[in-house]
Amino acid sequence: MARSRLSSWTLLFTLAVLFGCFIIPGATVKHENFKKCAQSGFCKRNRALADDVSAKGSSFSSPYELDATDLHFENGQLTGTILKTVSHDQKVKLPILISFLESGVARVTVDEAKRMTGDIEIRHGSQARKERYNDAESWVIVGGTDLSKSATLSTEAQDGFTTVLYGPDNAYQAVIRHAPFSVEFQRDGQTHVQLNNKGYLNMEHWRRKVEAVEGEQEVLGVQEDESTWWEETFGGNTDTKPRGPESVGLDITFSGYNHVFGIPEHADSMSLRGTRGGNGNHEEPYRLYNADVFEYELNSPMTLYGSIPLMQAHREDSTVGVFWLNAAETWIDIVKSKTETQTHWFSEAGQLDVFVFLGPSPSDISKKYGELTGYTQLPQQFAIAYHQCRWNYVTDEDVKEVDRNFDKYQIPYDVIWLDIEYLDDRKYFTWDPLTFPNPIGMEEQLDESERKLVVIIDPHIKNQDKFDISKELKSKDLAVKNKDGNIYEGWCWPGSSNWIDCFNPAAIKWWISLFKYDRFKGTLPNVFIWNDMNEPSVFNGPETTMPKDNLHHGNWEHRDIHNVNGITFVNATYQALLERKKGEVRRPFVLTRSFFAGAQRTSAMWTGDNQATWEHLAASLPMVLNNGISGYPFAGADVGGFFHNPSKELLTRWYQTGIWYPFFRAHAHIDTRRREPYLIQEPFRSIITEAIRMRYQLLPAWYTAFHEASVNGTPIVRPQFYVHPTDAAGFDIDDQLYLGSTGILAKPVVSEEATTADIYIADDEKYFDYYDYTVYQGAGKRHSVPAPMEKVPVLMQGGHVIPRKDRPRRSSSLMKHDPYTLVVVLDKNGQAEGTLYVDDGETFDYQRGGYLHRRFHFDGSSLVSEDIATHGSQTSAYLKTIASVRVERVVVIDAPKEWQDRTTVTVIEDGAKASTSASLEYHAHDVGKAPYAVVKNPNVGISKAWRIEF
């Protein structure tokens with residue numbers, strides 16, 4: 001459609017708005033741009049329902065009952081119909097399907113019969129679909145849905161109830177009450193999760209826009225507010241609602257649980273707070289509605305850039321969870337008592353689709369959720385190293401100079417990034433001919449050190465007739481439409497823009513074609529992609545995003561799919577990087593700002609536009625940890641803070657914190673001072689350099705943790721409750737973390753002028769300072785650890801073998817054939833164990849056995865390396881490439897006193913003709929520190945089976 005000409009006034013106004021986007025305001029987030037619950041019709045209605053039901057107490061009669069005559073159980077599924085009474089002579093049919101999965105997960109889905117059959121009318125002549133959105137599953141669920149073969153109806157069912165036995169050894173029960181409808185999920189005879197036991201179930205059924213039928217309200221027992229049923233206005237934008245009110249709501253109670261975690265993304269504590277007021281609680285519900293929130297505030301339930309509707313409840317002996325599969329705007333209320341945590345979920349549209357996990361451990365939740373939505377990707381090795389970014393490096397020569405300076409000051413880094421200023425007139429897939437005339441030369445210099453370049457590509461396409469990509473987007477009909485079915489036009493960085501609609505398979509195919517080397521000219525294989533602004537961010541849209549009555553492929557309204565929109569774009573970009581050149585298959589790297597459940601399969605994320613304050617530094621830890629336990633562990637925050645200029649102390653402490661983010665990137669706003677590490681004055685430059693080098697030193701441990709996450713869903717960095725699930729004193733702790741299964745416990749300094757850090761130790765194992773082996777021991781107490789400016793407070797838990805590479809290099813790829821150091825941290829029984837995972841760090845050959853996976857075990861007299869890999873067609877070829885890689889040192893911490901007179905150890909390597917010896921140095925302990933021993937050059941292959949006997 002031809003775009004109408006803007007009036008001069010409109011153009012000036014728009015330019016003013018865009019100019020304002022480049023200026024850092026003195027205030028934080030503009031609350032008037034984003035809804036509170038009272039300004040959201042469906043949120044207000046569902047909260048009012050909860051208030052009304054609670055006020056009525058036992059006198060409230062729920063209008064929802066299960067039709068007992070229509071129940072049918074077969075092949076692990078219970079089907080039936082919920083009847084909703086809306087008047088004396090009208091009942092709405094709501095088909096229900098309860099699926100009991102082989103994994104032990106249960107799934108409850110409720111839909112609306114009239115809308116399933118299309119027996120409704122759409123207002124305003126809208127082309128919107130009549131069904132409730134039922135396709136989120138296709139973007140989110142990738143497995144784990146096999147139906148249980150053993151689930152059975154209980155023979156002890158009572159009148160008014162149906163009970164299904166399922167799960168391992170049929171130890172789980174779903175007790176389904178018919179009238180009023182509710183479900184209790186039990187494990188070993190104990191109730192853990194209850195659906196609708198408070199009576200907040202609410203499926204706003206379709207109705208014509210007519211005057212209310214007399215008597216309807218009396219039957220429901222709830223006075224409904226109709227003011228926002230048919231349209232809703234906020235911030236000068238009117239949302240037409242062609243299908244009328246259609247929200248879904250449900251109360252979910254965790255019986256016996258006081259801590260709930262998850263539902264990222266929020267800048268809040270990891271243990272979620274109550275939302276109905278009171279001391280330390282929020283007044284607003286937690287909101288999930290992906291949005292571009294400028295300078296977001298902390299300690300808030302306010303929505304941010306991404307959303308994962310997974311919540312888990314934890315207590316000393318159990319972890320359970322629920323996953324609310326709904327892509328529409330969602331709010332969650334939390335009310336806690338001494339005996340339970342009551343949650344109330346409500347979404348604007350879509351089906352009611354809830355997965356229930358009965359644990360019983362945090363790792364069980366991670367694994368089962370990962371089976372459903374996919375485990376995190378195993379990225380290329382470079383992606384877990386250090387990334388250097390700002391808005392913006394201004395020329396290709398600027399990039400090359402930054403690259404040279406990192407080498408000059410011997411600071412390792414792997415990736416440099418380009419924000420939007422590299423583009424020609426904000427047109428994606430182009431280069432500014434004046435400032436980036438030779439991108440190939442720039443990329444070739446980076447490649448000399450095996451470094452990478454990441455460039456930003458967003459979903460908004462500059463609306464310009466002479467721009468080929470814009471012309472193709474429109475001529476091929478691949479853009480998002482407005483409510484009238486015409487191509488939607490909004491405003492973002494390029495000015496007037498259109499948005500690619502990646503719900504359209506043809507749009508995905510076209511998007512993939514744009515990344516071919518002959519199409520995206522100026523790119524080499526070491527170029528990767530950053531997807532930003534994909535909530536989507538629309539500067540002149542309602543709540544800085546797209547109108548809800550816009551239309552996507554298949555005529556789904558944007559309200560139906562908003563939260564999943566971002567990952568459709570990321571998935572397309574991931575696929576595009578896979579197919580850049582035939583025969584050249586490397587693991588893609590994509591960073592996204594917007595995300596939903598399932599995004600972990602294709603991307604990393606960061607916490608968005610944070611601020612250079614101590615408070616934002618502190619908030620980054622619970623935000624990253626919360627993402628990790630919610631199935632998306634490849635997470636980080638902008639090191640140094642995006643907005644404003646950090647002090648040297650803050651910047652230094654942020655680097656010391658950032659080395660513990662799985663995604664480790666420094667980033668800064670265009671108006672901030674340059675702050676590359678080599679520009680910082682001494683002693684801060686050297687301290688930052690040492691922190692970065694520590695990240696590189698531990699890359700073998702990090703990569704092993706990433707691999708573990710990719711096969712079983714465990715977080716890469718783990719909060720206290722996850723590692724010590726029976727220690728109630730640690731459930732609130734979200735400012736210290738464990739690195740994978742390594743036993744490394746870090747407590748970053750996040751407060752100004754601090755010289756010590758209090759590290760909480762849950763167990764009675766010995767912990768050792770990472771640097772000088774000072775011993776800390778004492779369960780259930782905090783230990784004061786020295787934390788001068790030059791030190792990152794890090795302890796090592798006894799019982800672990802930690803793999804390291806101690807030779808500093810310019811980039812991680814240059815470390816591939818460096819020798820290993822194994823740090824053996826003995827526990828109180830004189831034992832230790834650890835693993836190492838290695839592959840080529842680039843290709844997918846590991847999926848065909850092209851990797852190394854070793855277990856190291858120390859039992860008091862010997863250290864043994866054994867193969868735990870599953871071999872495949874690529875195993876032999878890969879092992880040949882690393883046959884020369886050796887172990888150069890073994891450090892044994894808390895070495896037995898009887899070793900002090902020994903000078904050698906015996907080394908036996910598989911395949912060797914005879915045993916050899918290696919030198920042993922014993923270091924007696926100082927006061928408060930552990931003795932340690934060093935085996936120098938045992939000369940064993942990292943890929944071989946071997947034994948070192950002490």
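Being a predicted model, the structure only gives us computed values, none of them experimental.
- Side-chain contact, N405 with E676: no donor N or O sits under 3.5 Å from an acceptor N or O.
- The distance between the ring centers of Y922 and Y932 does not fall below 6.0 angstrom.
- Each of Y413, F664, W702, Y696 was checked for a ring-ring contact (aromatic ring centres under 6.0 Å, His included) with Y386, and the lone residue meeting it is F664.
- Under the 3.5 Å distance criterion, with hydrogens and angles disregarded, no donor-acceptor pair is assigned to the side chains of Q600 and Q377.
- Checking S865 against R854 by side-chain atom types alone, a donor-acceptor pair falls below 3.5 Å.
- Here the side chains of D403 and I416 are not in contact, with every heavy-atom distance at 4.5 Å or above.
- Under 3.5 Å, the side chains of Y773 and D926 contain no donor-acceptor pair of N or O atoms.
- The line from CD1 of I659 to CG of L698 is 8.0 Å long, rounded to the nearest 0.5 Å.
- Using a distance-only test at 3.5 Å, with no hydrogens or angles considered, no donor-acceptor pair links the side chain of R947 to the main chain of T906.
- A 6.0 Å sphere centred on CD of E584 holds more than 12 heavy atoms belonging to other residues, nucleotides or ligands.
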Next on the checklist: Could you walk me through whether Y661 and S620 satisfy the side-chain hydrogen bond (donor to acceptor under 3.5 Å, both in side chains) test, starting with their C-alpha distance in whole Å, then the side-chain angles of each, then the deciding distance to 0.1 Å, before giving a yes or no?
Outcome noted: CA-CA 9 Å; Y661 303 153; S620 70; 2.5 Å; yes

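- Checking Y767 against E765 by side-chain atom types alone, no donor-acceptor pair falls below 3.5 Å.
- S741 and E708 are linked by a side-chain donor-acceptor pair at a separation below 3.5 angstrom, with hydrogens and angles left out of the test.
- For the residue pair Y409 and T689, no side-chain donor N or O sits within less than 3.5 Å of a side-chain acceptor on the partner.
- A salt bridge links E909 to R886: at least one charged side-chain nitrogen sits closer than 4.0 Å to a carboxylate oxygen.
- A donor-acceptor contact closer than 3.5 angstrom is absent between the side chains of D845 and Y851.
- Both cation-pi conditions hold for R665 and W530: the charged atom is under 6.0 angstrom from the six-membered ring centre and inside a 45 degree cone around its axis.
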Next on the checklist: I'd like to know whether I882 forms a side chain to side chain contact (heavy atoms under 4.5 Å, CB included) with L852, so could you lay out the CA-CA distance, the side-chain angles of the two residues, the decisive distance to 0.1 Å, and finally the verdict.
Outcome noted: CA-CA 9 Å; I882 60 167; L852 172 151; 3.5 Å; yes

Item to check | F706/F634 under ring pair (Phe, Tyr, Trp, His ring centres under 6.0 Å): CA gap, chis, key distance, verdict | outcome: CA-CA 8 Å; F706 265 85; F634 198 1; 5.0 Å; yes

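- Between the Y375 side chain and the K367 main chain, a donor and an acceptor come within less than 3.5 Å of each other.
- Residues T602 and N571 have side chains that bring a donor and an acceptor to within less than 3.5 angstrom of each other.
- With Y776 as the aromatic partner, K766 does not meet the cation-pi criteria of under 6.0 angstrom to the ring centre and within 45 degrees of the ring axis.
- Between the E833 side chain and the H800 main chain, no donor and acceptor come within less than 3.5 Å of each other.
- Between N627 and S630, the side chains place no donor N or O within less than 3.5 Å of an acceptor N or O (distance only, hydrogens not considered).
- By the 4.5 Å heavy-atom criterion applied to side chains, Y760 and Q736 are counted as neighbours.
- In this structure, the separation between CH2 on W660 and CG on L625 is 12.5 Å, given to the nearest 0.5 Å.
- In this structure, K828 does not pair ionically with D894, as no charged nitrogen and carboxylate oxygen lie closer than 4.0 Å.
- Using a distance-only test at 3.5 Å, with no hydrogens or angles considered, no donor-acceptor pair links the side chain of K805 to the main chain of T821.
- Side-chain contact between V454 and L591 is absent, with no heavy atoms from C-beta onward closer than 4.5 Å.
- Looking only at distances, no side-chain donor or acceptor of Q831 sits under 3.5 Å from a matching main-chain atom of G860.
- Atoms CG and CD, on L920 and Q900 in that order, are 11.0 Å from each other to the nearest 0.5 Å.
- Between D414 and R809 there is no salt bridge, since none of the side-chain N atoms of the basic residue sits less than 4.0 Å from a carboxylate O of the acidic one.
- Using a 3.5 Å distance cut-off with no hydrogens or angles, the side chains of Q797 and D763 do pair a donor with an acceptor.
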Item to check | Residue pair H853, Y846: steps toward the side-chain hydrogen bond (donor to acceptor under 3.5 Å, both in side chains) verdict | outcome: CA-CA 11 Å; H853 201 189; Y846 70 90; over 6 Å; no

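- With hydrogens and angles disregarded, a donor-acceptor distance shorter than 3.5 Å links the side chain of Q656 to the backbone of M789.
- Taking the six-membered ring for Trp and the full ring otherwise, F406 and Y678 have centroids separated by under 6.0 Å.
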Next on the checklist: Determine whether M796 and I802 satisfy the following criterion, side chain to side chain contact (heavy atoms under 4.5 Å, CB included), listing intermediate values before the conclusion.
Outcome noted: CA-CA 9 Å; M796 298 178 289; I802 302 168; 3.8 Å; yes

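- Salt-bridge annotation for D910 and K944: absent, with no side-chain N of the basic residue lying under 4.0 Å from a carboxylate O of the acidic one.
- With rounding to the nearest 0.5 angstrom, the NE2 atom of H857 is 7.5 Å from the OG atom of S862.
- A side-chain donor-acceptor contact under 3.5 Å links R601 to the backbone of T373.
- Neither side chain, R855 nor T835, offers a donor N or O lying under 3.5 Å from an acceptor on the other.
- Panel note: side chain D735, backbone K747; no donor-acceptor pair is recorded below 3.5 Å.
- Salt bridge annotation for E444-K400: absent, with no cationic side-chain nitrogen under 4.0 angstrom from a carboxylate oxygen.
- Residues forming a side-chain hydrogen bond (donor to acceptor under 3.5 Å, both in side chains) with Y770 (at least two apart in sequence, or on another chain): Q697, R804.
- A donor-acceptor pair under 3.5 Å is absent between the side-chain atoms of E842 and the main chain of R587, judged by distance alone.
- Figure legend: cation-pi geometry between R580 and F528, with NZ or CZ positioned under 6.0 Å from the six-membered ring centre and within 45° of its axis.
- Although no hydrogens or angles enter the test, the distance criterion places a donor-acceptor pair under 3.5 Å between the side chain of S710 and the main chain of H707.
- Within the 6.0 Å centre-distance limit, the rings of W899 and F950 are counted as a close aromatic pair.
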Next on the checklist: S449 vs R810, test: side-chain hydrogen bond (donor to acceptor under 3.5 Å, both in side chains). Steps then yes/no.
Outcome noted: CA-CA 7 Å; S449 301; R810 289 178 292 169; 3.3 Å; yes

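- Within the 4.5 Å cutoff, the side chain of Y655 has no heavy atoms near those of the I687 side chain.
- In this structure the side chain of L453 reaches within 4.5 angstrom of the side chain of L418, judged on heavy atoms.
- The NE2 atom of H817 sits 13.0 Å away from atom CD1 of I942, with the distance rounded to the nearest 0.5 Å.
- Taking the six-membered ring for Trp and the full ring otherwise, the centers of H387 and H667 sit at least 6.0 Å from each other.
- Counting heavy atoms from C-beta on, the side chains of I440 and L524 come closer than 4.5 Å.
- If you take CD on E450 and NZ on K452, they are separated by 6.0 Å, rounding to the nearest 0.5 Å.
- Side-chain atoms of Y722 and S363 include no donor-acceptor pair closer than 3.5 Å.
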Item to check | Criterion side chain to side chain contact (heavy atoms under 4.5 Å, CB included) on I529 and F589, from CA distance to verdict | outcome: CA-CA 7 Å; I529 302 300; F589 173 75; over 6 Å; no

